[in-house]
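So you know, we letter chains A, B, ... as the sequences are listed, proteins then strands, and number each from 1. The analysis underlying the following values was restricted to heavy atoms, covering all of them including side chains, and did not include hydrogens, waters or symmetry mates.
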Amino acid sequence: MNKEYFEKYSGITQFVVILMFFILGMRIYQLQILKGNEYREAANSNKIRVIALPAARGIIYDRNSVPLVKNKPYYYASLMPETKRTDTAGLSALLEIDEKKLIAKLRKGANQRFKSIVLKEGLTFKDIAAIEARRSDFPGLMVEPNVTRQYVFNNIGSHVIGYLGRMTVKQMESPDYDNITPETFVGQWAAEAYYDKKLRGSAGENIIEVDALGRQLKLIGQTKPTMGNDVTLSIDIGLQEAAERAFNGKSGSLVAVSPRTGEVLALVSLPNFDPNDFVMGIETEKWNAMNKDKGHPLLNRALQSSYPPGSVFKPVVAIAALEEGVTSADGGTVCNGSLEYGKYSFGCWKSHGRVSFHRAIVESCDVFFYETGKKLGIDRIEKYARLFGLGQSTGIGLRRGVDERDGTLPSTKWKHKSAKKQWFLGETFSASIGQGYVSVTPAQVALMTAMISNEGMVMPLTMLKDGNKGRHRERLDIRPETFDAVKSAMYGVINEDGGTGSAAKSNIVKISGKTGTAQVIAGRLKSEKQKERYRDHAWFIAYAPSEKPEIAVAVIVEHGGHGGSAAGPIAKEVIESYFAGKTGK
Amino acid sequence: MWFLQINRKYLKQFDWYMLSLLLAISIIGVMTIYSATRPVITAVQPNYYIKQIIWMLTGLAALLAAAVYDYSWLRKSAYFLYSLGIVMLVLVLFIGKRGMGAQRWLVLGPVSFQPSELFRILLIIGISKYLSTITGLLTKRTFLISLTVFGLIPFILILKQPHLGTSLVLLITFFFLVIAKKLEKKIIVTLIIFTLVVPAVAGNVLWRHLKDYQKNRIVAFIEPEADPKGIGYQIEQSKITIGSGQVLGRGYLKGSQGPLRFLPEKHTDFIYCVFAEEWGFIGSTAIIALYLLLFMRGISTALKSKDEFGRYLALGLTFMLFLYFFINMGMVLGMMPVVGVPIPFMSYGGTTLITNYIAIGILINIRMRRLALCY
């Protein structure tokens, strides 16, 4: 009895379900067939727009919390693709842009149905007023906001801070740039690029319904933008400015680091550029001029250029020699102005006569180092140079956008591998005075200087304030007496009579250092003009105070000639500025 | 090895027909979610559709689990399971996570789910057990007991979350099932009077004097997420979207209303619109035909069930799925007020999908064991 009732009940249920489906079917028929045209029309004229709400970027600060950048709002004119044709002639007159370019832009953006086509950027308030007044003539025309950067210090620190720009095709395809509207400016160089993800924040959007003239009727949906995070660099913008000024218009590079923390206090590459030129998209002419500029302002010399280190390489060779026992701090040699080897003669810059280990560094005697290098052999030189950070990129956090160079530290293995040739002793002579195959970047030299001054503390360089905080510190396995001997000689370079670096002697603070001259070309030069272009690069490394170093500096002045006279005063000025700034605060 | 032996015998009876219908609808659902969530501003496709596929696979595992073991264990532990469900509903009111204006989520370690979803099945198991233990008609006493335990308590608990849609579906399913059991005449008469008088009073006195937007506002008041932006806006857009599909539709991934975020629920409650716009009248009716076949199969399973518990269980589960489908369709077609109810198997959402898969798993289970096998 119960089952019969259930079967009847289920039967009725089946019938009702079918009936309901029939009703649904009729309703679908009504909507899609009977009223289909009407609804298709309504859908086509649905005036829904998605307006991007740009997120404010995080601020970049220097180590003393000085803001290096500001966020600057700006406006652009855009047009919603419409079914109706736009009066392109009138619009091009209103926006003062070429009609052909305008038509091309409209054609390109015609497929995007709910998103506007950007027509003109960087509107002035006068432009905005003109557009608002005539908006009814151009349905779909609107003014949208965006955020860009203002670089407070203009050229100063441009290779550290970097700049913003439109996303490149490569960036658009990268997963790191997910969920960014094409209008968003992203970091393209240095800190702006490297910390882009952190600085960026996330854009929001307003979904609005508009009338036929593009006026907002109703807010349908909203996602609020979130601001990006701030970044505090290790750079001291005051020191950076002093360092850039000290070059006095010459090309070159300077890297100042704290030997205690590995933080980079200043990073100079000259000539530089004004990042403000890039923010609104750089003009083609300016860009071409910059790229063609013989001074290469867009090259970050501190990381992307490698030079022979010249005599600033000698302290490392000296350390290697003392550690390996091929010479002692009491040792020395007699310099007759050159070293004869077979049919070759390797010259010294002057005939020093009898020189001790100490004086060989103070007076930068090449002959002493030829002999020392010969005893060490190239592979042991290479080993020690590598310990001090040479011949490998420092990885200072600016890699993205700035392709950092490794430089070259030659060895027998290296030559065999790269040239399939045997190593010659003559090449060791060149290498032991930092010439020949040896080439390093200014950042590497700064790291080397810092590691000599702090007696072999291993530390990576960082561009962030407190970037190495909490990192485990190791020391190189090198005897303290070795550092004592080399550091005493480096003090002598600047403070003893006959020292090559006396130009850097300071009354404010005790400075130690070493001069260097990097040969650009070997042999004699024919004309005066050639002499200028192929003049040697001047190197100077320094740290101060000599006893308890707080700052280590590497300077290179391109075609500056002799290191002591051209680069020494710059190092001195930066170090003095560092200590003046400290006492001033 | 006993279970393998049994499985092999039952495997021949496995309801591939039901499974195929389910998979067809689900796959269409995933495709439509992909289309509905196409980005407007950015170039990156959100991963909704991938999540839905993962849930689908999880659901399939749950379906198999629900189908393999003889459903008699459900009868044995029915009251225990039902109490567990009630406890979860109480818990969610106190320690539940809020989401989209309502408190529905329970977080268990890495998993968060909506107990009210899983509860749907537990409720039907509970009622089916209760009804199958009673011989003869439901008397006044047994009716009142069942009304309190299986009708009002869950209704109030879920309404408090608040989740009007689910609580209504469950209450209607309850009445549907007790009538399937057959009631005493007195109760039927009382029920008829109630169903006529209550809506008549509420509807005629109150409802009729309200303007359209006020009615919608009441719905929006009880169910705030249903129509958060503009009153009637969603329904209008929903109708435009479906209607603009015309006969053949705009074509897959060519719908303009879908990726445009005019509907906050475009990939959940309003997914059917997106499908209808792209596939037109032909697609729209074809897919509801699939649903019709699925529901008919469910009812036929109920009729073939080997025991009374299985009959109520199969009919109840089928009816519940149908109600969800029908309320959702009525809503998107603009025939009913907006009540936030997803369309089974197509709408985006993990707990709902998995729960519905379990329901189908139980239906398959009942059909597989319809013939008393001799050993």
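- The CD1 atom of B:Ile179 lies 7.0 Å from the OH atom of A:Tyr5; values are rounded to the nearest 0.5 Å.
- No other option in B:Met335, B:Glu308, B:Lys239, B:Met329 has as many heavy-atom pairs under 4.5 Å with chain A as B:Lys239.
- Contact tally against chain A (heavy-atom pairs below 4.5 Å) for B:Val247, B:Thr285, B:Ile288: the top residue is B:Ile288.
- Here the CD1 atom belonging to B:Ile299 is positioned 12.5 Å from the CZ atom belonging to A:Phe15, to the nearest 0.5 angstrom.
- Under the 3.5 Å distance criterion, the side-chain polar atoms of A:Gln32 are left unmatched by any main-chain donor or acceptor of B:Ser284.
- At a 4.5 Å heavy-atom cutoff, the contact between B:Phe325 and chain A is made by side-chain atoms alone.
- By the 6.0 Å contact criterion, OH on A:Tyr29 is open, its count of non-hydrogen atoms from other residues, nucleotides or ligands being 12 or less.
- Remark: B:Thr142 engages B:Thr139 in a side chain to side chain donor-acceptor pair (under 3.5 Å) (not counting sequence neighbours).
- Most heavy-atom pairs under 4.5 Å with chain B: of the set A:Glu38, A:Lys8, A:Glu7, A:Met20, this distinction falls to A:Met20.
- Taken to the nearest 0.5 Å, the CZ atom of B:Phe281 stands 9.0 Å off from the CG atom of A:Leu34.
- A donor-acceptor pair under 3.5 Å links the side-chain atoms of A:Arg27 to the main chain of B:Leu333, judged by distance alone.
- You'll find the side chain of B:Phe326 stays beyond 4.5 Å of the side chain of A:Val17, heavy atoms only.
- By the side chain to side chain contact (heavy atoms under 4.5 Å, CB included) test, A:Leu102 pairs with A:Thr88, A:Leu91, A:Ser92, A:Ile97, A:Leu106, A:Leu119, sequence neighbours left out.
- Atom CZ of A:Phe6 sits about 6.0 Å away from atom CG of B:Leu303, to the nearest 0.5 Å.
- Residue contact with chain B, scored on non-hydrogen atoms closer than 4.5 Å, involves the side chain of A:Tyr9 exclusively.
- By the neighbour-count criterion of 12 heavy atoms within 6.0 Å, atom CZ of A:Phe22 is sparsely surrounded, having that number or fewer from other residues, nucleotides or ligands.
- The contact between A:Ile28 and chain B is made by backbone and side chain atoms together, counting heavy-atom distances below 4.5 Å.
- With a threshold of 4.5 angstrom between heavy atoms, B:Phe322 approaches chain A through side-chain atoms but not through N, CA, C or O.
- Put simply, OG on B:Ser244 and CG on A:Leu31 are 10.0 Å apart, with the number rounded to the nearest 0.5 Å.
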